[in-house]
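Quick notes on the structure that follows.
Note that the structure is a prediction, hence the values are computed from the model and not measured.
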Amino acid sequence: MHITFCCAATEAQPWLQDLRAALPGADISLWHPGAAPADYAIVWAPPQAFFDQQPQLRAAFNIGAGVDALLRLKISPATQLVRLDDAGMAVQMAEYVCHALIRHYRECAAYDKHQQAGVWNQRDIAPRSRMPVGIMGLGVLGERVARTVAQFDFPVNGWSRSPKSIPGVQCFSGQDGFNAFLAASRVLVSLLPATPETQGLINRDTLSRLMPGAYLINVARGAQLVEDDLLALLDSGHMAGAALDVFRTEPLPTGHPFWTHPQITITPHTAALTIRGESVAQIAAKIASLESGKPVAGLVDRSRGY
Ligand code: NDP
Ligand code: OXD
C-alpha cells in the first residue's frame, strides 16, 4: 500500500516518522510533482496538480476539520474524502470559546485597564440568565462547545441543519428555526463549515436579530462574517464586541481595522490546532478500517459541502 503526504506549510518529517510507526507495512513518502500514484493520501491545502496525478487514490485524509479548501479542487468521485473527527480539537475549541465568553462576561478587559491604572474597583456581575449563548453548528466541535458552555450554567441555544437533542441545550434547526435561535441569543458563536449557504451568514441582518449588547465569537471561517457589518454594529452600540480567530484574508492584513479596534480581540486561526499524535492514530485506524471494508466516521458529503 502506497501512502503519500502532501500538506502545505506543515513540517513533513515528524508526520512521516509517526505515520511510518503507526502503519509499519505501508510505503509512505512525501509527494512531489511526478511522484508515483498513491492508494491513500494525507493532505492539507494540496495543489490541483496533486489530485491530477492520482488515478488510483482510494481516500484522502484532510488533517483538519474544515474541508472548504479541498472542495475547491477537482477530485475524482472515486476518492473518498475524510476529515479529522475531533482528534484533540474539540477540547481546544471548548476552552477557546469558554475563555472568550468568560473574558467578556466577567469584563476582564476592564480589570486589565484597572490594573494598569492601579485601581481597585469591583464591578457588578450580570445574571447569567442575561447572557444566553447561541452556537451555530452542532457537529463534532459545536456539540462539545455547547455542552461545555452549559456546564458554566449559561443558557445555551444551538442551531444546526438537522434537528438535535442535547441535554442542557435548546436546539433549533433549519431556516425555519434560525430567527428564533438568533432572537434567543446574546452571544453568537460560529462553528459552521464554510459552504455556499454559510458564506456571509453573519451579517447586519443576522447580528441585528441578536439581543442588544451582543457579542460574536467566530472560530469557524472568516468568509461567514461580513466584516463591515460587524464594524457598523459595533459603532451603533448594538454589538458589544467580538473575539475573532478566523478572517476573510489570513494572515489578517496589516492596517486592517480589526487589529486595533478596542472591542475586538483577535487570534491567528489558532482556536483548535491539529494534534499530530492523535491525528496519525485516527488516520491509521481509518486506513485499517477501509482496507478491511469497514465504514469510517468523518466521511465528507460533497453535495452538502462538509
Ligand atoms: P461538523 O461537520 O462536525 O459540524 C458542522 C455543523 O454545522 C453540523 O451540526 C451541521 O448540521 C451544521 N451545519 C452545516 N451547514 C449548515 C447550515 N447551512 N445550516 C445550519 N447548520 C449547518 O464540523 P466540525 O464541528 O468538526 O467543525 C466545524 C468547523 O469548525 C469546520 O468546518 C472548520 O471550518 C472550523 N474549524 C476551525 C478551527 C480553528 O482553529 N479556528 C479548527 C477546526 C475547525 P448537521 O449536524 O445537521 O449536519
Ligand atoms: C481546521 C482548521 O479546519 O484548522 O481544522 O481550521
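- If you chain together hydrophobic residues whose side chains sit under 4.5 Å apart, Ile42 and Leu23 fall into the same group.
- Among all heavy-atom pairs drawn from Leu182 and Leu188, the shortest one is CD2-CD1, 4.0 Å.
- Proximity of Cys6 to Pro47: side-chain heavy atoms (C-beta onward) are separated by under 4.5 Å at one or more points.
- Hydrophobic cluster membership differs between Ile102 and Leu216, with clusters built from Ile, Leu, Val, Met, Phe, Trp and Tyr side chains linked at under 4.5 angstrom.
- Taken together through direct or relayed side-chain contacts under 4.5 Å among Ile, Leu, Val, Met, Phe, Trp and Tyr, Val189 and Met131 form part of one hydrophobic cluster.
- Scored by the salt bridge (Lys or Arg N to Asp or Glu O under 4.0 Å) test, Asp85 finds no partners at all (sequence neighbours excluded).
- The local environment of CZ in Arg128 is crowded, with over 12 non-hydrogen atoms from other residues, nucleotides or ligands closer than 6.0 Å.
- The aromatic ring centres of Tyr111 and His114 sit less than 6.0 Å apart.
- At distances below 3.5 Å, not a single donor-acceptor pair connects side-chain atoms of Asn157 with backbone N or O atoms of Gly134.
- Between the side chains of Asp205 and Ser208, no donor N or O sits under 3.5 Å from an acceptor N or O.
- With hydrogens and angles disregarded, no donor-acceptor distance shorter than 3.5 Å links the side chain of Thr4 to the backbone of Ala38.
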For residues 148-156, which side-chain N or O atoms pair as donor and acceptor with protein atoms under 3.5 Å away, sequence neighbours left out?
residue : atom : partner : partner atom : Å
Thr148  : OG1  : Arg144  : O            : 2.6

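- With sequence neighbours excluded, no residue forms a salt bridge (Lys or Arg N to Asp or Glu O under 4.0 Å) with Asp124.
- With Asp18 contributing its side chain and Ala22 its backbone, the two residues share no donor-acceptor pair below 3.5 Å.
- Shown here for Leu201 and Met136, the closest heavy-atom pair between the two residues is CD2-SD, 4.2 Å.
- No option in Thr195, Asp68, Thr198 other than Asp68 meets the side chain to side chain donor-acceptor pair (under 3.5 Å) test with Arg221.
- In this structure, the separation between CZ on Arg58 and CE on Met1 is 7.0 Å, given to the nearest 0.5 Å.
- Among residues two or more places apart in sequence or in another chain, the salt bridge (Lys or Arg N to Asp or Glu O under 4.0 Å) test is passed with Glu197 by Arg161.
- More than 12 heavy atoms of other residues, nucleotides or ligands lie within 6.0 Å of CG in Asp27, so this atom counts as buried by the packing criterion.
- A donor-acceptor pair is defined here as one N or O able to donate and one able to accept, closer than 3.5 Å; such a pair exists between the side chain of Gln224 and the backbone of Pro193.
- Residues Ala240 and Gly213 approach most closely at CB-O, 3.7 Å, considering heavy atoms.
- Annotation: side chain of Ile3 is not in contact with side chain of Leu19 (no heavy-atom distance under 4.5 Å).
- Side-chain contact between Tyr215 and Leu101: absent, with no pair of heavy atoms (C-beta onward) separated by less than 4.5 Å.
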All N/O donor-acceptor pairs, side-chain side in residues 246-256, below 3.5 Å, sequence neighbours left out:
residue : atom : partner : partner atom : Å
Arg248  : NE   : Leu225  : O            : 2.8
Arg248  : NH2  : Ala223  : O            : 2.8
Arg248  : NH2  : Leu225  : O            : 3.0
Glu250  : OE1  : His269  : ND1          : 2.8
Glu250  : OE2  : Phe247  : N            : 2.8
Glu250  : OE2  : His269  : ND1          : 3.3
His256  : ND1  : Phe258  : N            : 3.0
His256  : NE2  : Glu227  : OE1          : 2.8

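- When atom types are taken as modelled, the side chain of His238 and the backbone of Ala214 share no donor-acceptor pair closer than 3.5 angstrom.
- Here the side chains of Leu244 and Leu230 are in contact, with some heavy-atom distance below 4.5 Å.
- Closest of all the heavy-atom pairs between Ala271 and Met93 is CB-SD, 3.6 Å.
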### Message
The test is side chain to side chain contact (heavy atoms under 4.5 Å, CB included); show your working for Arg147 and Glu143 and say whether it passes.
### Response
CA-CA 6 Å; Arg147 286 177 184 271; Glu143 178 173 348; 2.8 Å; yes
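- Side-chain atoms of Lys286 come within 3.5 Å of backbone N or O of Ala297 as a donor-acceptor pair.
- Applying the 6.0 Å contact sphere to CZ of Arg130 captures no more than 12 heavy atoms from other residues, nucleotides or ligands.
- Closest non-hydrogen pair, Ser289 versus Val296, comes out as CB-CG1, 3.7 Å.
- The CG atom of Leu192 sits 11.5 Å away from the CG atom of Leu141 when rounded to the nearest 0.5 Å.
- Clustering of Ile, Leu, Val, Met, Phe, Trp and Tyr side chains at separations under 4.5 Å places Leu73 together with Trp31, Val43, Phe50, Phe51, Leu57, Val67, Leu70, Leu71, Ile75, Leu81, Val300.
- Atom CD of Glu278 is separated from atom CD1 of Ile283 by 12.0 Å, given to the nearest 0.5 angstrom.
- Between the CD1 atom of Ile275 and the CD atom of Gln282 there is a distance of 12.5 Å, given to the nearest 0.5 Å.
- Between the Arg83 side chain and the Tyr306 main chain, no donor and acceptor come within less than 3.5 Å of each other.
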### side chain to side chain contact (heavy atoms under 4.5 Å, CB included) between Gln80 and Leu290, intermediate numbers included
CA-CA 10 Å; Gln80 303 198 76; Leu290 291 177; 3.7 Å; yes
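- In this structure, Met89 CE and Ser279 OG are separated by 6.5 Å, a value rounded to the nearest 0.5 Å.
- In this structure, Thr270 and Asp245 have side chains that are in contact, with non-hydrogen atoms separated by less than 4.5 Å.
- Leu138 approaches Cys171 most closely through the heavy-atom pair CD1-SG, 4.2 Å.
- Separation of atoms CD (Gln175) and CH2 (Trp159) is listed at 5.5 Å; rounding is to 0.5 Å.
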### Task
Let me see the working for Met239 and Gln263 under side chain to side chain contact (heavy atoms under 4.5 Å, CB included), right down to the final yes or no.
CA-CA 9 Å; Met239 296 294 301; Gln263 287 146 280; over 6 Å; no
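- Under a hydrophobic clustering in which Ile, Leu, Val, Met, Phe, Trp and Tyr are joined whenever their side-chain heavy atoms come within less than 4.5 Å, directly or via other members, Phe172 and Ile166 fall into different clusters.
- Note: the hydrophobic cluster containing Phe181 does not contain Val97 (ILVMFWY, side chain heavy atoms under 4.5 Å, direct or indirect links).
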### Task
Please step through side chain to side chain contact (heavy atoms under 4.5 Å, CB included) for the pair Tyr105 and Ile125, ending with a clear verdict.
CA-CA 8 Å; Tyr105 173 60; Ile125 187 161; 3.6 Å; yes
